There are 2 protein chains.
Amino acid sequence: MSTVPTATRLVEAAERVVAAHGYQAASVKAISAEAGVATGALYRHYPSKGALFAEVFRAVSDRELAALERAIAHHDDPVDGLLAGLATFAERALRAPRLARALLDEPVDAPVDAERLAYRRRHRAVLAERIEVAVRRGALPDQDPEITAAGLVGAWAEVLVGPLAEQPTEAEGRIRALIDLAARTVGAPPPSRTPSLPPTPEETP
Amino acid sequence: MSTVPTATRLVEAAERVVAAHGYQAASVKAISAEAGVATGALYRHYPSKGALFAEVFRAVSDRELAALERAIAHHDDPVDGLLAGLATFAERALRAPRLARALLDEPVDAPVDAERLAYRRRHRAVLAERIEVAVRRGALPDQDPEITAAGLVGAWAEVLVGPLAEQPTEAEGRIRALIDLAARTVGAPPPSRTPSLPPTPEETP
DNA sequence: ACCTGCTGTGAATCACGGTTCACACCAGGA
DNA sequence: TCCTGGTGTGAACCGTGATTCACAGCAGGT
C-alpha cells in the first residue's frame, strides 16, 4: 500500500529511460515525465541532474557487481569462478544492451563518469583477486593480476558493447567465444563446457 | 615560405588543443584562438565544428594505423608482427596520453564518434587478418579472429587509457606486461624478448 | 481553525557554445 | 582604376536543456 517515495521513483524512472533510449535521451523533462512528476520535483530531492544519475549508476553498478560476485562465489575453483562470472556478465549485458552500453561506454557528463570509473575499478579488483589466488595456487601462469583484470574488463566491454548493431550472432555463440577468449587471456586451458551459474534470485519482488 | 592554408592550420590547431587539454576544452573559440584566426573563419572551410573534428580524427587515425601496419609489416611471422604492432601502439599511446584518451575513450559528439568507430573497426580488421593467418598456419590455436581482435583492442584501450592518473608504472614495464597479456590472449607462448620495432620515420619535417 | 514546513508545479530564466552575418580587406583580372 | 570573388572579423543571435522560483496544496501539530 505504502506509496513509493518520489526520490526512489525518480531513480527508477531514470533507469527505465536510459535502458529504453540511452543516456542521450535522458533529459530532466523525459525523466520527470516518466516518473509522473514535474521537472521541479527533481530538485526537491537531488541537487542536480548529475547527482541523480550518480545515484542511478551506483545502484546499477552495485546490482551488477553483486551478480558477478554471486557467480564467483558459486565455485570453489578460482578459474571456474572467473569464467562463471564472465558468463553472467555477458549474459546480463546481452539481455539489456542499451543499459549495458550506457554503463560501459556512452558519453556521460563528468560527475556520472566518475561513478562509472569507480565501477570499473571495483569490477577489476574483484577479478584481480581471483586471478591472484589462482596464480598463487599454480593454476594459472605467472602474471600481473591487475593488468590481466583490466584487460578482461576492456575486452568484454569492447566485444559486448562495441558492435551493438553488428551481425546479431545469437547470444549463445557469442558467450561461448568470449569464454574461450577469457580462458586464453588468463592462461587457462579451454574449458570443455560452460561453467554453471548460480540460480538468479528475484530482483524486483 | 609558402604560408600554410587556414584549413590546415585549423586542423593542426584542433589536434594541439585536444592533445593538450582534451576534447572537452576544444571549443570553437579555443581552436580558432590557437590557430590565430577568428571564430567565423572556421566556417569558411568547414560546414560545422563536427566536420572539422571528423577531419582531425581521421588524420590521427590514419597516422596511427599506418604506424601499426608498418610495425606488422616489419615481421614475417604473423605472431611477431602482432606483438610488435601492440608494442608500437602502446608506446605511442603512453607518449601522448591525452590524445590517446580522446581518440579511444573521451565523450565526443555524434559525427566525431562515427569516425572513431570506423577507426576501431579498421584497427580490429588489421589485427584479425594477422590472427587468421597465424591460425591457418597452425601457429595459434583455433579461435574466432574477429572476437580475439576486438578483445585485444578493448584490453589495450582499458589498460592504457583507463587508469590514466594511476600509479605511474614506468612505460617499459607496462608495455612488457601488455605484451605478455596479448600473447596469452591470442594463445601464443610468452615471447622471450620484446619484438623489434621498425625505425620511426620523421613525422613533421 | 490556524500555523508551519514539506512537497509538487511548470513557466520563466540562465548559461553555454555553436552558428550566422554585415562589414571590411585584399589580390587578380578587365 | 574599378570590379569581383574569396577570405577574415567578432559581436550578435539562437537552440538546447538544466535550473530556479513564486505560487499552491497538504499533513500534522497546537
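No experiment lies behind these values; they were computed from the predicted model shown.
Residues satisfying the salt bridge (charged side-chain N to carboxylate O under 4.0 Å, His left out) criterion with D144(B), sequence neighbours excluded, are absent altogether. Residues passing the side-chain hydrogen bond (donor to acceptor under 3.5 Å, both in side chains) test with R184(B) are Q143(A), T148(A), sequence neighbours excluded. Partners of R116(A) under the salt bridge (charged side-chain N to carboxylate O under 4.0 Å, His left out) rule, at least two apart in sequence or in another chain, are D113(A). Residues passing the salt bridge (charged side-chain N to carboxylate O under 4.0 Å, His left out) test with E91(B), sequence neighbours excluded: R95(B). Annotation: side-chain contact (heavy atoms from CB on, under 4.5 Å) contacts of A54(B) (sequence neighbours excluded): R58(B), E115(B).
Taking atom CG on L42(B) and atom P on dT9(D), their separation rounds to 12 Å, with Å as the unit.
Here the side chain of A38(B) is nearest to one of dG10(D), dT19(D), dG8(D), namely dG10(D).
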Sequence neighbours left out, cut at 3.5 Å: what donor-acceptor pairs do the side chains of residues 74-81 of chain B make with other protein atoms?
from	atom 1	to	atom 2	distance (Å)
H75(B)	NE2	S196(B)	O	2.8
D77(B)	OD2	V79(B)	N	3.3
D77(B)	OD2	D80(B)	N	3.0

Give every donor-acceptor pair under 3.5 Å between a side-chain atom in residues 16-28 of chain B and any protein atom, sequence neighbours left out.
from	atom 1	to	atom 2	distance (Å)
R16(B)	NE	E34(B)	OE2	2.6
R16(B)	NH2	E34(B)	OE2	3.3
Y23(B)	OH	D109(B)	OD1	2.6
S27(B)	OG	A30(B)	N	3.2

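In the region residues 44-58 of chain B, proximity to DNA chain C at under 4.0 angstrom, judged on heavy atoms, holds for R44(B), S48(B), K49(B). Residues from residues 5-27 of chain A with heavy atoms under 4.0 angstrom of DNA chain D, sorted by number: S27(A).
Among the heavy atoms of the strands lying under 4.0 Å from V28(B) is at least one base atom, whether or not backbone atoms are also near.
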| field | Per-nucleotide protein contact string for nucleotides 11-16 of chain D, where B marks a base within reach and S marks sugar-phosphate only (heavy atoms under 4.0 Å, - for neither) | value | B-----
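Here the range on DNA chain C touched by chain B, meaning any atom under 4.0 Å from one of its heavy atoms, is dG18(C) to dA22(C).
Every pair tested for salt bridge (Lys or Arg N to Asp or Glu O under 4.0 Å) that includes a residue from residues 18-31 of chain B fails, sequence neighbours excluded, so the list is empty.
For P145(B) against A128(B), the heavy-atom pair with the smallest separation is CB-O, 3.8 Å. P190(B) and A183(B) make their closest contact through CA-CB, 4.4 Å (heavy atoms, listed as atom of the first residue, atom of the second, distance).
Checked against V11(B) for a side chain to side chain contact (heavy atoms under 4.5 Å, CB included), the options L52(B), T6(B), V60(B) give a single hit: L52(B).
Salt-bridge formation is not detected for the pair R136(B)/D142(B): no Lys NZ or Arg NE/NH1/NH2 atom is positioned less than 4.0 Å from an Asp or Glu carboxylate oxygen.
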